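Working notes for the structure below.
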Protein chains: 2
Amino acid sequence: MDEASAQVRILDAAERLCQTRGFNGFSFRDLAEIVGIRSASVHYHFPTKADLGKALITRYRRNMETLLEDMERKERTASGRIKRFAGMLREIVRDENRMCLCGILAAESGAISAEMRAELRRFFEYCERWLARQLEAGRDQGEIAFRGAAGVAAAAMLSTLEGAMMTSRLFGSDKPLRDATQWMMAQFAAA
Amino acid sequence: MDEASAQVRILDAAERLCQTRGFNGFSFRDLAEIVGIRSASVHYHFPTKADLGKALITRYRRNMETLLEDMERKERTASGRIKRFAGMLREIVRDENRMCLCGILAAESGAISAEMRAELRRFFEYCERWLARQLEAGRDQGEIAFRGAAGVAAAAMLSTLEGAMMTSRLFGSDKPLRDATQWMMAQFAAA
DNA sequence: GACAACCTATCAACTGATAGATATACTTCT
DNA sequence: AGAAGTATATCTATCAGTTGATAGGTTGTC
């Protein structure tokens, strides 16, 4: 038996399916089949699909927050931390050609609930703030160079990575994402 | 009455709906209702949804090719042409918060047919080649500066723009895309 | 009379969602 | 300790609505 609770296993299955097929690309029955229960039991844990979607994003964001905060302690240089962040995204693409959960949901943002959208925004805002913090720290250390506001650069960075994930997925290779990461790091390299 | 043929009006409606809700976010009946015919008639023009999707991408790509080739004649500087390209994307976001058709389909690429995916790749390859050509022309003129292969820079550029479109859409504002465009142009500005 | 472009009518499959029964485990009371 | 009650998590069965798709009839034009 799987040790994890049904709730967790439902979220795991939903996350993977959403990352590969999009939010409208899987059903409660798909989840039920994977988890090994009936679709009514999935509804017991997440009454509506919007509830499930919201829980999905919240968990994804919290997990990302934990990972990034851990990284802030463990990785010494700012550019190292940013590279590791990009590496996390690369792992997602590598594993079954998945897309960032929030990236695919942002693309589908016209087809999801307002609550899901609000939660999504929080994810992007958090990532941007984190990246901006790394950029500023790197600039203070003379390790990273850039002109203009750190926030704008961080947003552009995130856009580049999310966009490159999409392309990588489409071409079934992590090369576009690797290239984009390298190009981007070069933009921020101190002269 | 609308002058355009039913086929064109179906594609117009499908394009808009796909850009806002994704490929799984609209039905043959949605299209029929907008165009003012019955869903069976939509199937007459496009037997399956994959057929429709493929036609959608092909038309979008051909249209983009025409626009970009025209632009190559009309706009004198390379940076001007690239800015105009970004401006085209901005217009899409501004108009009902739409997303680039091929961007949203790339995000959903796990949920579409192999034929659609192949057609999608052609779109991205074309855009990348076009951007790379502009970058090289700009560098020759001393108007644009960058290190490394033009192809890699062009791919990164396209990723940045597509990613920023996603973010703009999510936040319901074209500011992220505007900021990303400006940041990107600054990266390529000749010193 | 042939063809293109539409129509009506219908299909089986799938969708998200609900009502209500059942089983199991933990409290609480005698 | 044992009975009774309660909460949680699952089940079966079913719903109405939507989906992509098809068969076959109708209309209008060259």
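Everything numeric in this text was worked out from a predicted model, so none of it was measured. Chain letters run A, B, ... following the sequence lines, proteins first, then strands; residues in each count from 1. Side chains included, hydrogens not; waters and symmetry mates left out as well; all remaining heavy atoms used.
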Q.
Just the rounded figure in Å: distance from C1' of C:dA19 to OH of A:Tyr44.
A. 16 Å

Q) Could you write nucleotides 25-30 of chain D as a row of B, S and -, 5' to 3', where a protein heavy atom under 4.0 Å of any base atom gives B, of only sugar-phosphate atoms gives S, and otherwise -? A) ------

Q) Which residues in residues 108-120 of chain B have at least one heavy atom lying under 4.0 Å from any atom of DNA chain C? A) none

Q: Identify whether the distance between the nearest side-chain nitrogen and carboxylate oxygen of B:Glu65 and B:Arg62 falls below 4.0 Å.
A: no

(Q) Considering only residues two or more places apart or on different chains, which pairs with a residue in residues 26-54 of chain A satisfy salt bridge (charged side-chain N to carboxylate O under 4.0 Å, His left out)? (A) A:Arg21-A:Asp30, A:Lys54-A:Glu115

Q | B:Val35 with B:Tyr44, same ILVMFWY side-chain cluster at under 4.5 Å | A | no

Q: With sequence neighbours excluded, give me every salt bridge (charged side-chain N to carboxylate O under 4.0 Å, His left out) pair touching residues 79-92 of chain A.
A: A:Glu75-A:Arg84, A:Glu91-A:Arg94

Q | Nucleotide C:dA17, atom P - distance to NE2 of A:His45 in whole Å | A | 16 Å

Tabulate atom names and distances for all N/O pairs under 3.5 angstrom spanning the protein and nucleotides 12-15 of chain D.
{"residue": "D:dT12", "atom": "OP2", "partner": "A:Arg38", "partner atom": "NE", "Å": "2.9"}
{"residue": "D:dT12", "atom": "OP2", "partner": "A:Arg38", "partner atom": "NH2", "Å": "3.3"}

**Q.** Candidates D:dT19, D:dA21, C:dT15 - which lies nearest the side chain of A:Ser27
**A.** C:dT15

**Q.** Whole angstrom value for the distance that separates P of D:dT19 from CG of B:Leu31
**A.** 10 Å

**Q.** Sugar-phosphate only, base, or nothing, as touched by A:Phe28 at under 4.0 Å among non-hydrogen atoms
**A.** sugar-phosphate

Q.
Tell me if the CD atom of B:Gln182 is crowded by more than 12 foreign heavy atoms within 6.0 Å.
A. no

Q) Nearest-Å distance, CG (B:Asp30) to C1' (D:dG20)? A) 12 Å

Q. Between C:dG16 atom C1' and A:His43 atom NE2, what is the distance in whole Å?
A. 5 Å

Q. So which one's nearest nucleotide on DNA chain C is more toward 5', B:Ile37 or A:Phe46?
A. B:Ile37

Q. Between D:dG20 atom P and B:Leu52 atom CG, what is the distance in whole Å?
A. 10 Å

Q | Rounded distance in Å - CZ (B:Phe26) to C1' (D:dT19) | A | 12 Å

Q. Same hydrophobic cluster for B:Val8 and B:Leu31, using side-chain heavy-atom links shorter than 4.5 Å among ILVMFWY?
A. no

(Q) Any salt bridge linking B:Glu125 with B:Arg129? Criterion: basic side-chain nitrogen under 4.0 Å from a carboxylate oxygen. (A) no

Q) Rounded to the Å, how far apart are B:Asn24 CG and C:dG16 C1'? A) 15 Å

Q | Rounded distance [0.5 Å steps], CE in A:Met88 versus CG in A:Leu161 | A | 11.0 Å

Q.
Give the residues of residues 11-19 of chain B touching DNA chain C, defined as any heavy atom closer than 4.0 Å, sorted by residue number.
A. none

Q) What distance separates B:Phe188 CZ from B:Gln134 CD, expressed to the nearest 0.5 Å? A) 12.5 Å

